[in-house]
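So the structure is just underneath, and the comments pick up after that.
Heads up: numbering here begins at 1 and tracks the sequence.
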Amino acid sequence: MTVPLNRIAAIAATVLLATLMVPASSQAAVPDYTTAEAGNPIADGWYADPDIAVYNNTYWIYPTTSKAYAQQTYLDAFSSPDLITWTKHSNILTTARVSWASYAMWAPAPVQRNGKYYLYFAANDIQNNTSTGGIGVAVADQPQGPYSDALGRPLIGQFHNGAQPIDQDVFIDDDGQAYMYYGGWGHANVVKLNPDMISLGAFSDGSTYKEITPSGYVEGAQMFKRNGKYYLMWSEGAWTGPDYSVSYAMAASPTGPFTKLDKVLAQDSAVAKGSGHNSVVNVPGTDIWYIVYHRRPLSETDGNHRQLAYDRMYFNADGTIARVAMRVKDNFADANALGWKTYGGSWSVTGGKYQAGSSLGGKAVQDTSFGDFTYDAEVTVTSGGGDAGLVFRVTSPATGADSYNGYYAGISPAGRVVLGRAGNSWTQLQATAMTVTVGTSYRLRVTAIGASLKVYVDDLVNPKISVTDATYPRGAHGVRVFNAAASFDNTAIGPATGPGVNLALGRPATGTTSCVASEGPDKAVNGSVSGGNSDKFCSAATGAWLRVDLGSVQAIGRFEVAHAQAGGEAASLNTKAYTITVSNDGITWTQAVAVSNNTAANTTHAVSAVSGRYIQLNVSVPTQSSGGATRIYELRAFA
């Protein structure tokens, strides 16, 4: 659950890394990250359905223990002072302390009130009203428990309005009224909680259970409030499938009505799948927000193999939520290497760095699958005359010097930068002379776009190596040593950047109401116009607009727009008049392009001295004819 601002204590000002702090002019340093900078997953083990609260300057995450139903007999918690280092608190609530609960203890929801800590949970996964189970409430004197059943029975033990009593979230509004949002089987209810927090109240019409089910709802209700607006989030899709995702609605009242606006979080085929059942936290005194959720590693097929993660959540100027980008970073400030799997060699995290002992090809790989990307890391050869560096587009990794399919770029004190290809044998693609000093940290970057592979060392403008090789199109990324010991730090991989790269590709996109749900803003940044006339953003709204969040301020050299005719529709449906504006903050906008009478299927707009994080295409005349909806097949931006 999200703890409203009026119930959150001021957060402590110390953060481990100065580079992750807010500017020095700020009143206090706060956790201001783009993602879990010390790496996702944030905790060891299989967990799901995380809910987060802030108690006494400490962040607390309460998840489901993601095991088989019969083994889901206890709940753990994790606490952190800074969203970086996490401490596990085991068995804060067990079925031994709940007389009516036997298994399937799910989705704990925390809240503090009356000097007590309350934890709402579901148990027994009841399938009908003749079974014992549902939503219970436990209470403790401290956040880590131990928690004990407060009622000796479920708080909600029946189906109402078709909602299975699971997946509860508790929210206390600014006026002190507490609400619980819950429901599975495609139905969501809201109920009032009395001040004692262990009994249900009634609405003004005398009812206890109000159905608030929005379109697409499956389970996992989550409520928070920002700037006077109420946000309901929920999970869609099958919890074991890759389509598990998070959508949201906004309302002026805690009881709705809630109309679906957009999908916020979904799987990324390069990062993780099955991403859903979220909660949200606001850093007190700021407008910094994070979405906390579970996701399944790409190589995992067991439905219960889910891990805890968080990423930054941004809002547009109108209060809508930008789509969340799952980022992949690790600065090892949490003193662990969760998410990395090693093959040969000796590995440890010490001094905030990933340390590798000398070996003939020891490597550590993350469970990702990137095709086109930019991959950065700080690499230091600490001893030996061999080399150390980055592996990428890796498949079939195993122990052995060249026991993987993929590429390797490394630096060596022998005086070279090398790029090669491995496939149970080694093929050197190119080597370049460069002075490399033992004990000195170098920023190593690899940019891969199709068959084009570029390696940079410190100078991120002029590549040390540039080759063409199309042997391996995509795969995991990692680090490697060969006849050297080394340390690695500040690893990050994401979309490719540089000339010729579409900065808008796959980025979070929002816009005016779409013609149908399948023609949303995301279709205009998916890199395709070949999916038929539904592969577009379509909006019949007057003054339609489409906005893309690039994630950070980028220098832009040209824009491209693919209109209706590019997707196979009539030329008369091409957008006639529109502008393109840019903004650093989503509030102040600068016009970069203005078109008054377009007839072309594809338009290119070269610009100079233009930069921004947000790009917005604003339509004033949708088509060449007198009416019709706006149709944008692609909005592209290039450095």
Ignoring hydrogens and geometry, is there a side-chain-to-backbone donor-acceptor pair from [X] to [Y] under 3.5 Å?
X	Y	answer
Q168	G183	no
Y147	P143	yes
T491	A377	no
Q144	A77	no
N114	K116	no
T213	A188	yes
Y217	M233	no
N331	A333	yes
Y248	I321	yes
T368	F370	no

Is there side-chain contact between [X] and [Y], with heavy atoms separated by less than 4.5 Å?
X	Y	result
T94	M105	no
L93	Y62	no
M223	P254	no
V548	L550	yes
D32	V283	no

Is [X] salt-bridged to [Y], cutoff N-O under 4.0 Å?
X	Y	value
D522	K263	no
K88	D44	no
R323	D262	yes

Show your working on salt bridge (charged side-chain N to carboxylate O under 4.0 Å, His left out) between K341 and D367 and close with a plain yes or no.
CA-CA 8 Å; K341 186 174 182 179; D367 194 353; over 6 Å; no
Taking all heavy atoms of [X] and all of [Y], pick out the closest pair and write down the distance.
X	Y	result
Y59	P31	OH-CG, 3.9 Å
P110	P108	CD-O, 3.9 Å
Q307	P297	OE1-CG, 3.3 Å
S611	A555	CB-CA, 4.0 Å
A43	L308	CB-CD1, 4.2 Å
G276	S235	C-OG, 4.0 Å

Please step through side chain to side chain contact (heavy atoms under 4.5 Å, CB included) for the pair Q222 and V246, ending with a clear verdict.
CA-CA 10 Å; Q222 161 75 191; V246 176; over 6 Å; no
Quick check on ring pair (Phe, Tyr, Trp, His ring centres under 6.0 Å): which of W347, Y354, F488 does W340 satisfy it with?
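So, applying the ring pair (Phe, Tyr, Trp, His ring centres under 6.0 Å) to W340 and each of W347, Y354, F488, only Y354 qualifies.
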In sequence, state the C-alpha distance, the side-chain angles, and the governing distance for Y231 and F315, and then conclude on ring-ring contact (aromatic ring centres under 6.0 Å, His included).
CA-CA 12 Å; Y231 294 76; F315 294 84; 5.6 Å; yes
Does anything in residues 293-311 form a salt bridge (charged side-chain N to carboxylate O under 4.0 Å, His left out)? List the pairs, not counting sequence neighbours.
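As it turns out, there is no salt bridge (charged side-chain N to carboxylate O under 4.0 Å, His left out) pair with a partner in residues 293-311 once direct neighbours are skipped.
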Evaluation steps, side chain to side chain contact (heavy atoms under 4.5 Å, CB included), between Y290 and I288
CA-CA 7 Å; Y290 295 97; I288 297 171; 3.5 Å; yes
dist L635:CG -> L617:CG (nearest 0.5 Å) comes out at 5.5 Å
What distance separates Y182 OH from I212 CD1, expressed to the nearest 0.5 Å?
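So the OH of Y182 and the CD1 of I212 are separated by 10.0 Å.
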How about [X] and [Y]: does a side-chain donor come under 3.5 Å of a side-chain acceptor?
X	Y	answer
R312	T34	no
S552	Q554	yes
D318	T320	yes

For side chain to side chain contact (heavy atoms under 4.5 Å, CB included), just list the numbers for Y310 and L83, CA-CA rounded to whole Å, side-chain angles, deciding distance to a tenth of an Å, and then say yes or no.
CA-CA 9 Å; Y310 74 80; L83 291 177; 3.6 Å; yes
Using the ring of each side chain (for Trp, its six-membered ring), is Y55 parallel, tilted or perpendicular to W60, with breaks at 30° and 60°?
tilted
State whether Y375 and R445 meet the cation-pi test: NZ (Lys) or CZ (Arg) under 6.0 Å from the six-membered ring centroid, and within 45° of the perpendicular axis.
no
In sequence, state the C-alpha distance, the side-chain angles, and the governing distance for D167 and W234, and then conclude on side chain to side chain contact (heavy atoms under 4.5 Å, CB included).
CA-CA 10 Å; D167 289 2; W234 64 89; over 6 Å; no
Please determine whether side chain to side chain donor-acceptor pair (under 3.5 Å) holds for the pair Q366 and H477, giving the CA-CA distance in whole Å, both sets of side-chain angles, and the decisive distance to 0.1 Å.
CA-CA 6 Å; Q366 292 200 286; H477 75 289; 3.0 Å; yes
is_close_aromatic(F224, W289), centroid dist under 6.0 Å
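Aromatic pair counts; centres sit under 6.0 Å.
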Strictly under 6.0 Å, is that where the ring centroids of Y244 and H294 end up?
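Yes, the ring of Y244 comes within the 6.0 Å limit of the ring of H294, centre to centre.
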Start with the C-alpha gap between K210 and T255, add the side-chain angles, then the distance that decides, and say whether side chain to side chain donor-acceptor pair (under 3.5 Å) holds.
CA-CA 8 Å; K210 283 192 176 295; T255 58; over 6 Å; no
Do D549 and Y314 pass the side chain to side chain donor-acceptor pair (under 3.5 Å) test, and can you show the C-alpha distance, the side-chain angles, and the key distance before you say yes or no?
CA-CA 9 Å; D549 179 3; Y314 297 96; over 6 Å; no
Run the ring pair (Phe, Tyr, Trp, His ring centres under 6.0 Å) test against W46 and tell me which residues pass, sequence neighbours left out.
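Listed in chain order: H305.
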CA sep, side-chain torsions, deciding dist, call: N316, Y614, side chain to side chain donor-acceptor pair (under 3.5 Å):
CA-CA 9 Å; N316 301 309; Y614 301 95; 5.5 Å; no
Please identify which of these residues, D76, T64, T65, N304, meets the side chain to side chain donor-acceptor pair (under 3.5 Å) condition with Y47.
D76
